[in-house]
Amino acid sequence: MHINENFAKLPGSYLFSEIARRVAAYSGEHPEADLIRLGIGDVTLPLAPAVLEAMHKAVDEQGKAETFRGYGPEQGWPFLREAMAKYDFQARGVDIVPEEIFISDGAKSDCGNIVDLFQSGNKVAVCDPVYPVYVDSNAMAGRAGDYDADTGRWTGLLYMPCTAENGFSPRIPKEKADLIYLCFPNNPTGGVAGREVLQAWVDYANDCGAIILFDAAYEAFITQPEIPHSIFEIPGAKTCAIEFRSFSKTAGFTGTRCAATIIPKELVRDGMSLRDMWNRRQCTKFNGAPYIVQRGAEATYTEEGRKQVMENIAYYLRNAGTIREGLAAAGLTVSGGVDSPYVWVKTPDGVDSWSFFDTLLREANVVTTPGAGFGPSGEGYIRLTGFGGAEATKQAVERIRKIL
Ligand code: MLT
């Protein structure tokens, strides 16, 4: 018997678990501390009334023999796949059909599980800084080489630095990549990618046969009308991309759990349809997201539901604006927070990320996320989220300004 030795290579703990551990330790020492949590991107507003109503109705259906439902389709109930195809794609002129949409219990799980479809020899390119799930899940699958503690990088991954110098936009690598993770609006920098930038990625991937794994979890936060919400708005993307979507940040489902992975029928490699492979994987390893939850997600596409979830998004974006403007006025260099709930803040006087995180925790009682936790190019930054309460966010900015 041999365990998967790749787990032994993983450094420390998962970023947000480590933050939770440090915050719990501090709270244990200082139970009186009134902490404001702007660390993990977790929503705080309750579910929209239209979602609740749909879920209550679905609960009642589950209580009657005539309407009770057991196992649903592993790919998701048709009503939700159809609504998503119609409103998220076809309404934006994108020809995605329900059969290409797979409903799941989270974009995090899908991003982690998608590695099942690819051989271990593939070269994986990730942004730096990056959502740690892409890196860790490839490391667990033995596709990242070894972790080099000196550089903070995995020897087998191709890193694409996203720095102030390149406007936090990854450059297309010179070396050939097989799998490319892109996330726009970006977690953690809050940057977005315009049509031309995405077209260049799609052209690159089609030219060399690479696959883009596009995380669109934050698309609902886009405010600039010219910014694409989906990689499939880009001509040629259907032959080279897989997209992840989520109701977590869009509709407050972080605790409710519902998401989707979109794989076009045209995406074929080595004579195999990736859509069919994912279907096979899901049928074997997944029994579908709960019916009640999918009914709640469906309600976000009604006129009333859409209006309500967009009001919540506007609220979070106002918070992001409060952080962005407040910290800029205090003399810090900030970016993001316009088409994204995340604000990316340069630490003052070259202080390292974890030290600034600790200072903010201890002296301002504000929880943030240290940029270095997202990769070496995140060193010297912290991330704050707009997902807190409006008053708490204003207070957090005030507290940070006071200690600067
Ligand atoms: C984050 O804070 O980056 C996100 O909440 C993590 C996630 O969505 O899993």
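Starting from 1, each residue takes its place in the sequence as its number. Computed from a predicted structure; not experimentally measured.
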Asker: Classify the side-chain pair D42/T254 by whether it contains a donor and acceptor separated by less than 3.5 Å.
Answerer: yes

Asker: Evaluate the side-chain proximity of I263 to I101: yes if any heavy-atom separation is below 4.5 Å, no if none is.
Answerer: no

Asker: Establish, from distance only, whether the side-chain atoms of Q395 and R399 form a donor-acceptor pair under 3.5 Å.
Answerer: yes

Asker: Does E243 come within less than 4.0 Å of R245, counting only side-chain N to carboxylate O?
Answerer: yes

Asker: Would you compute the distance between atom CG of N365 and atom CD1 of I403 and round it to the nearest 0.5 angstrom?
Answerer: 10.0 Å

Asker: Using every non-hydrogen atom in the two residues, find where V202 and P235 come nearest and quote the distance to one decimal.
Answerer: CG1-O, 3.4 Å

Asker: Under the side-chain hydrogen bond (donor to acceptor under 3.5 Å, both in side chains) criterion, do Q308 and N312 qualify, and how do the steps go?
Answerer: CA-CA 7 Å; Q308 291 164 357; N312 290 358; over 6 Å; no

Asker: Is it true that a side-chain atom of Y204 and a backbone atom of A177 form a donor plus acceptor pair closer than 3.5 Å?
Answerer: yes

Asker: Quick test of your reading of the model: are K307 and E303 salt-bridged, counting only N-O distances below 4.0 Å?
Answerer: no

Asker: Just by distance, with hydrogens left out, do T302 and R306 show a side-chain donor and acceptor under 3.5 Å apart?
Answerer: no

Asker: So I262 and F244, do their side chains get closer than 4.5 Å, heavy atoms only?
Answerer: no

Asker: Return the CG to CH2 distance between D148 and W154, rounded to the nearest 0.5 Å.
Answerer: 10.5 Å

Asker: Rounded to the nearest 0.5 Å, what separation is found between the CG atom of L267 and the CE atom of M272?
Answerer: 12.0 Å

Asker: If you take all heavy atoms of V130 and V135, which pair is closest and at what distance?
Answerer: CG1-CG2, 3.6 Å

Asker: R280 vs T284, test: side-chain hydrogen bond (donor to acceptor under 3.5 Å, both in side chains). Steps then yes/no.
Answerer: CA-CA 6 Å; R280 185 71 176 80; T284 303; 2.7 Å; yes

Asker: What I want to check is whether the side chains of N138 and Y181 have a donor and an acceptor closer together than 3.5 Å.
Answerer: yes

Asker: For a quick test of reading the model, state the closest non-hydrogen atom pair linking M55 to I292 and the distance between them.
Answerer: CG-O, 3.4 Å

Asker: For the CE atom of M310 and the OG1 atom of T250, what is their distance to the nearest 0.5 Å?
Answerer: 8.5 Å

Asker: Q75 and N279: side-chain donor and acceptor closer than 3.5 Å?
Answerer: yes

Asker: Classify the side-chain pair D88/Y301 by whether it contains a donor and acceptor separated by less than 3.5 Å.
Answerer: yes

Asker: Quick test of your reading: applying salt bridge (charged side-chain N to carboxylate O under 4.0 Å, His left out), list the pairs with at least one residue in residues 53-68, sequence neighbours left out, ordered by first then second residue.
Answerer: E61-R69

Asker: Should R92 and E233 count as an ion pair when the cut-off is N to O under 4.0 Å?
Answerer: yes

Asker: Could you check whether N319 and T322, counting side-chain N and O atoms only, form a donor-acceptor pair closer than 3.5 Å?
Answerer: no

Asker: Return the set of residues passing ring-ring contact (aromatic ring centres under 6.0 Å, His included) with F184 (not counting sequence neighbours), or none when no residue passes.
Answerer: none

Asker: Apply salt bridge (charged side-chain N to carboxylate O under 4.0 Å, His left out) to R22 and D358, showing your working.
Answerer: CA-CA 9 Å; R22 291 196 187 206; D358 279 330; 3.4 Å; yes

Asker: Would you please test I40 and T369 for side-chain contact (heavy atoms from CB on, under 4.5 Å) and show each step?
Answerer: CA-CA 7 Å; I40 190 165; T369 307; 5.7 Å; no

Asker: On the 0 to 90° scale, with breaks at 30° and 60°, tag the F253-F247 ring pair as parallel, tilted or perpendicular.
Answerer: tilted

Asker: Measure across F374 and P370 and return the closest heavy-atom pair with its distance rounded to 0.1 Å.
Answerer: CD1-O, 3.8 Å

Asker: Can you find a heavy atom in the side chain of R269 that is under 4.5 Å from one in the side chain of L274?
Answerer: yes

Asker: Do S377 side-chain atoms and P129 backbone N/O form a donor-acceptor pair below 3.5 Å?
Answerer: no

Asker: Is there a donor-acceptor contact under 3.5 Å from the side chain of Q199 to the main chain of I234?
Answerer: no

Asker: Thinking salt bridges, do E99 and R81 make one under a 4.0 Å N-O criterion?
Answerer: no

Asker: Below 4.0 angstrom, N of the basic side chain to O of the carboxylate: do R362 and E29 qualify?
Answerer: yes

Asker: Are the side chains of L384 and V345 in touch, meaning some heavy atoms are under 4.5 Å apart?
Answerer: yes

Asker: Give a yes or no on whether a salt bridge exists between D110 and K108, defined as a side-chain N under 4.0 angstrom from a carboxylate O.
Answerer: no

Asker: Is a side-chain donor or acceptor of T239 paired with a backbone partner of G236 at a separation under 3.5 angstrom?
Answerer: yes

Asker: Just do the side-chain contact (heavy atoms from CB on, under 4.5 Å) check on E379 and D352 with the steps written out, would you?
Answerer: CA-CA 6 Å; E379 182 53 277; D352 73 83; 3.4 Å; yes

Asker: Indicate yes or no: at least one non-hydrogen side-chain atom of Y147 is less than 4.5 angstrom from one of L10.
Answerer: no

Asker: A side-chain contact here means heavy atoms from C-beta on lying under 4.5 Å apart; do E18 and W354 qualify?
Answerer: yes

Asker: Quick one, N122 with R143, criterion side-chain contact (heavy atoms from CB on, under 4.5 Å). Give me CA distance, side-chain angles, the key distance, then yes/no.
Answerer: CA-CA 7 Å; N122 284 304; R143 201 172 291 127; 4.2 Å; yes

Asker: Not counting sequence neighbours, which residues clear salt bridge (charged side-chain N to carboxylate O under 4.0 Å, His left out) with R153? List them please.
Answerer: D128

Asker: To the nearest 0.5 Å, how far apart are CD in E219 and CG in D339?
Answerer: 11.5 Å

Asker: Quick one: does D105's side chain get under 4.5 Å of F286's, heavy atoms only?
Answerer: yes

Asker: Going by heavy atoms in the side chains, are P78 and P73 under 4.5 Å from each other?
Answerer: yes

Asker: With rounding to the nearest 0.5 Å, note down the distance linking CH2 in W278 to OG in S273.
Answerer: 13.0 Å

Asker: Would you call K123 and D178 a salt bridge, taking side-chain N to carboxylate O under 4.0 Å as the test?
Answerer: no

Asker: In chain order, what residues pass the salt bridge (charged side-chain N to carboxylate O under 4.0 Å, His left out) check against E100, with sequence neighbours excluded?
Answerer: none

Asker: Any cation-pi pair here, R295 with F79, using under 6.0 Å and within 45°?
Answerer: yes

Asker: Could you pull out all donor-acceptor pairs under 3.5 Å where a side-chain atom in residues 208-218 meets a protein atom, sequence neighbours excluded?
Answerer:
unit_1 : atom_1 : unit_2 : atom_2 : d
D215   : OD1    : A217   : N      : 3.0
D215   : OD2    : Y134   : OH     : 2.6
Y218   : OH     : K249   : NZ     : 3.1
Y218   : OH     : Y342   : OH     : 2.8

Asker: Might you point out which heavy atoms bring A396 and L38 nearest each other, and give the distance in Å?
Answerer: CB-CD1, 3.7 Å

Asker: Which heavy-atom pair separates A141 from S120 by the least distance, and what is that distance?
Answerer: O-CB, 4.5 Å

Asker: Evaluate F168 against N186 for side-chain contact (heavy atoms from CB on, under 4.5 Å), listing each step before the verdict.
Answerer: CA-CA 9 Å; F168 303 106; N186 187 258; over 6 Å; no

Asker: Does any N or O in the side chain of T44 come within less than 3.5 Å of the main-chain N or O of F387, such that one atom is a donor and the other an acceptor?
Answerer: yes

Asker: Which residues pass the salt bridge (charged side-chain N to carboxylate O under 4.0 Å, His left out) test with D116, not counting sequence neighbours?
Answerer: R281, K285

